[in-house]
Amino acid sequence: MHREDDRGLVKRAKNNDKEALGLLYDRYFGKVYGYVYNKVFDQAAAEDIASHAFLRVLETFDRFDEKRTSFISWVLCIAHNLVIDYFRKSAKLPTASLESGIEKISQRANDDPVEFVLNGIANRELKKVLSYLTVEQQQVIFLKFGLGLSNKEIGEVIKKKRGAVKALIFRALKMLQRLLDEKSF
Amino acid sequence: MKRVFKTLEKCIDLIARNEAKAEECLNNYPSLADYAAVLNTAAFLSQSIELAVPSPEVFERSKKKFLGAAKAEPALQVTKKRAQAKVHFLHAPLRKILTRAAATLVAFSMLGGSVVVASAHSLPDSPLYSVKLTVEKVQLVLKTSNYSKAQFYLNLAEKRLEEAQKLAKDGDSKGLKDCLKAMTDNLDEARKAANLLNPKEKREILTQIIKFCERKEKTFEVLALKASPEIKNIIGKALGICNEARVAVKVTTSKSEKPLTETDSLTETPQTVEETTKTPEGLSEITVNFPVFSPNGDKVKDNISITVRADVGQNLMADIFDLKGNLIKFNLVLKESSTKQGRYTTTWGGENNQGEIVSDGFYLIKVKVAKSSLYGSLETKVEVDLTPPEKPILISPAEGWVSKLVMARFTWDSSTDACLFVLEYSRDEDFSSDKTTVVSDLNMKEYFIMSDPYLSEGVWFWRVKAIDKVGNTSAYSEVRSFSVAIES
């Protein structure tokens, strides 16, 4: 079946085409929810923030330029800002930047974000090696292998050039590979 | 080598999206043999990192909310209202117009001819001024076409400006303000009426507006010289309307299929306009040294330097507009470089015509020949950013954390526009300078220390502030404490 590309959908959605809005929602709500959950570790908050991000889309659609930015990276930027607002308002401590859905934790074990990563990942080896990456590397690894974003889209989310994202991913992969090979931790 | 990296990137993308396995990539692209381990790691990650998914109930509930809000999205409603208003205007009953005209004619006759004549030169402080305004209203109602209405509004604008000049001489600032506001409103009405005309008539009216603006440019400058900020704002708005007219004339001229001929009933012919409105010649480039700047007086990117390349020997000026087309700052004189021929420069410190610093946003820079009305075809955009980044949110170490080693890893999060951070850690809760270490220019959201004397046993306090790309600095984050207590 033909899959309409995002640009076409966005163009229609900007004219309040409900079918296009519904398709964009179906395509990306799960990813936005996953991204937010990874930050807040709370189902209710993740639902609230992801829903809010999509409502913000409606409010600011006229300012969105689909020729310059992809829809998913734009919504993720909105969601990211809402997450920051959430922590600021609730004075809660942000959790780690990377978490696996394999083992969904419902509460924070302690206040160390590195420990959150360790709690969130089921695979023991992965748990250990990820903690050796920088927060920025963890973030790109999550966006790449958790959300399946392209390097350009990741760059739009973390405000870096595509080449820099590529380098970050490559360095992170090299480091992970070395650590996994050594198994010395 | 470059090709191999491109292939590697492509393969990592496929693996990340679960569209290929590492072995498939290696089989298809033997050149990647050296990177087998990297690809295997990528595959391991793409299988191990799973995304938390919303439950079907959450998905549906949120979707309903989203589509419900889309239904009530205001843009469509506004459009409908506008459309209705237009239809209403076009089909307004003739009877209603005639009734209004008749009523105003009665009012006109009741005022009496001699009173009307005497009121013609009255000023706002005169009791006859209200008579003058009533007569004008009557005259306006009797204008049947948008063309004659537009001309009449322009006429009124001129009258109000003359009154303003007289009041300025008398030192009547309240009257001056009222007259200038009325002048600006009339100018705007003339422009709006022009927009309802066919292209040829529209161009004629807009040209008359431009002529008015050019004739009165000196008057505006004199009035604005010692005026209050409020009056300066009103004059700025009038100049904005002048500029909109200039831009619109340019657009209608370029769209026009047939140039106007001498037989066209123009009050002022386009030929006359051409004589007084010249575009800069040989304009090949407009550049600014900073695409984003912050005119906040901190000496970091406080102003921009605008450089233009054009044919030599021209008197060039730059005007700054906001994205709505309002003229923000006009007549910045571009000086020709003494070392590089045909290179003209000026600076803009983010101030408007009233000398106030403009708000955050994008601004357009256009170049014209001094005293002309047409801009060169090139323009450039700059951004004014005065908003500091959000204060960073501290992540680790947590409040009260106790390290059993001489080490600490500081991490924090921040809004995306922050690009540099300053970390301070101190023995003193008030961060007095003698007990505080300041780590500046950090471009990562983390910092690691692990040795004496930088970190010795005892209680430590720490905080972070963020700096964006134009030097705006956030407030400090909260202060957290931690201890180093080495086990013996």
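These numbers come from a predicted model, not from an experiment. Order of the sequence lines sets the chain letters (A, B, ...), proteins ahead of strands, with each chain counted from 1.
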Handout entry: Cation over ring face, Lys381(B) and Phe362(B), 6.0 Å, 45°
Key =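 Checked: cation-pi criterion met.
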Measure distances from [X] to the heavy atoms of chain B and classify the residue's part below 4.5 Å as side chain, backbone, both or neither.
X	answer
Lys166(A)	side chain
Phe170(A)	side chain
Asp62(A)	neither

Practice task
Go through the atoms of Glu19(B) and report whether side chain, backbone, both or neither lie under 4.5 Å from a heavy atom of chain A.
Solution key: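 For Glu19(B), neither part sits under 4.5 Å from chain A.
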Practice task
Counting only heavy atoms closer than 4.5 Å, note whether Leu8(B) contacts chain A via side chain, backbone, both or neither.
Solution key: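 Contact with chain A involves the side chain of Leu8(B) alone.
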Practice task
State whether Lys469(B) and Glu383(B) are salt-bridged, where the test is any N-O pair (Lys NZ or Arg NE/NH1/NH2 against Asp/Glu carboxylate O) under 4.0 Å.
Solution key: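 So Lys469(B) does not pair with Glu383(B) through a salt bridge.
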Problem - Met444(B) to Phe421(B) - nearest heavy-atom pair and separation - result: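 Closest pair (atom of Met444(B), atom of Phe421(B), distance): O-CD1, 3.6 Å.
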Practice task
Measure the spacing between NZ of Lys465(B) and OG of Ser414(B) and express it to the nearest 0.5 Å.
Solution key: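 One gets 13.5 Å once the value is rounded to the nearest 0.5 Å.
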Exercise for the section: Just do the side chain to side chain contact (heavy atoms under 4.5 Å, CB included) check on Trp412(B) and Ser477(B) with the steps written out, would you? Expected result: CA-CA 9 Å; Trp412(B) 56 89; Ser477(B) 67; over 6 Å; no
Problem - Between Phe54(A), Phe29(A), Phe145(A), Tyr25(A), the one whose heavy-atom pairs under 4.5 Å with chain B are most numerous - result: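 The option with the most such pairs is Tyr25(A).
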Exercise for the section: Identify which of Asn151(A), Val57(A), Leu149(A) forms the greatest number of heavy-atom pairs closer than 4.5 Å to chain B. Expected result: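 So the answer, after comparing Asn151(A), Val57(A), Leu149(A), is Asn151(A).
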Handout entry: Largest heavy-atom contact set with chain A, pairs under 4.5 Å, which of Lys391(B), Arg61(B), Arg17(B)
Key =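 Highest number of heavy-atom pairs under 4.5 Å: Arg61(B).
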Handout entry: Worked verdict on Lys159(A) versus Cys77(A) for side chain to side chain contact (heavy atoms under 4.5 Å, CB included)
Key = CA-CA 10 Å; Lys159(A) 311 282 181 224; Cys77(A) 280; 3.8 Å; yes
